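Just so it is clear, the model here is predicted, and its values are computed rather than measured.
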Amino acid sequence: MVATPSVLIVDPSEETREVLKTALERRGVRTLSAGHIRPALRMMKEHNPDLVVLDAEASGDAPDAACSLLSREKPPPLPRIVVLGSFRRPPPSGEGCDFVAKPYHYGPLIRRIEELLTAVGCGPRSA
């Protein structure tokens with residue numbers, strides 16, 4: 001039996017959280033969501049999601065600093081982290097963090113999430 005993949009969505013926009021939640025759950029992905037970084041850190045420790053989608057605004061930090069914060073606060077195993085943010089040049093992906101520039105479109109973001117879930121061995125089921 002294959003485990004259901006899980007994604008924690010951390011975004012100050014309730015609308016964004018709801019759109020991502022609906023799209024991912026239609027693909028068989030279990031979702032958790034938080035509007036800010038502190039509740040998200042508790043959820044990460046409690047639920048061990050496979051992937052975190054983090055809007056850098058939710059942490060109040062620059063995108064690369066937001067990724068570092070999550071990596072520091074969560075004991076291993078660390079989930080893959082997708083940081084959504086505004087930056088002149090995206091920081092290099094690595095150390096479990098990928099960066100997606102704002103503004104973004106939901107379709108490509110959902111596909112990137114699916115690719116990353118597959119890469120960590122827990123891809124979503126076909127809808």
Side-chain angles (χ1 to χ4, degrees):
M1 184 171 157
V2 175
T4 301
S6 61
V7 173
L8 171 58
I9 303 161
V10 187
D11 197 297
S13 166
E14 185 176 345
E15 179 181 344
T16 297
R17 292 192 313 268
E18 193 58 37
V19 168
L20 290 174
K21 176 182 187 269
T22 300
L24 291 169
E25 287 182 351
R26 286 184 180 161
R27 289 163 172 79
V29 176
R30 183 174 62 93
T31 62
L32 305 156
S33 67
H36 301 285
I37 195 73
R38 292 293 160 212
L41 290 169
R42 287 190 299 275
M43 294 172 115
M44 279 179 59
K45 291 174 184 175
E46 183 178 338
H47 298 283
N48 292 315
D50 299 301
L51 187 128
V52 176
V53 177
L54 170 67
D55 186 307
E57 290 178 17
S59 70
D61 291 318
D64 52 342
C67 187
S68 295
L69 172 67
L70 289 181
S71 297
R72 276 194 320 270
E73 294 288 328
K74 168 76 170 71
L78 290 172
R80 191 72 186 192
I81 302 167
V82 176
V83 180
L84 310 174
S86 300
F87 28 75
R88 289 184 184 100
R89 218 175 3 170
S93 293
E95 298 184 24
C97 293
D98 286 82
F99 298 92
V100 174
K102 287 176 157 184
Y104 57 85
H105 294 281
Y106 288 113
L109 176 59
I110 296 295
R111 283 191 293 281
R112 183 68 186 137
I113 291 168
E114 289 175 322
E115 289 169 3
L116 291 169
L117 287 172
T118 299
V120 297
C122 57
R125 299 186 315 256
S126 297

For a quick test of reading the model, state the closest non-hydrogen atom pair linking [X] to [Y] and the distance between them.
X: R30; Y: H47; answer: NH2-O, 4.1 Å
X: L54; Y: A58; answer: CD1-CB, 4.2 Å
X: E57; Y: P12; answer: CB-CG, 4.1 Å
X: A40; Y: L8; answer: O-CD2, 3.6 Å
X: A34; Y: P39; answer: CB-CB, 4.3 Å

Distance from [X] atom [atom1] to [Y] atom [atom2], nearest 0.5 Å?
X: T31; Y: L20; atom1: OG1; atom2: CG; result: 9.0 Å
X: L84; Y: T16; atom1: CG; atom2: OG1; result: 8.5 Å
X: Y104; Y: D55; atom1: OH; atom2: CG; result: 6.0 Å
X: E18; Y: S33; atom1: CD; atom2: OG; result: 7.5 Å
X: R42; Y: I37; atom1: CZ; atom2: CD1; result: 11.0 Å
X: R26; Y: L24; atom1: CZ; atom2: CG; result: 11.0 Å

- Message: For H36, I'd like to know if atom NE2 has over 12 heavy atoms of other residues, nucleotides or ligands within 6.0 Å.
- Response: no

Mark yes or no for whether [X], through its side chain, and [Y], through its backbone, hold a donor-acceptor pair below 3.5 Å.
X: R17; Y: D11; answer: yes
X: S6; Y: D50; answer: yes
X: D98; Y: V82; answer: no

**Message:** Just to verify, what does P103 make a side chain to side chain contact (heavy atoms under 4.5 Å, CB included) with, not counting sequence neighbours?
**Reply:**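 None.
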
Would you mind checking if E114 and R111 are paired as a salt bridge, meaning a charged N to carboxylate O distance below 4.0 Å?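 No, no charged N to carboxylate O under 4.0 Å.
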
In sequence, state the C-alpha distance, the side-chain angles, and the governing distance for I110 and R27, and then conclude on side-chain contact (heavy atoms from CB on, under 4.5 Å).
CA-CA 10 Å; I110 296 295; R27 289 163 172 79; 3.5 Å; yes

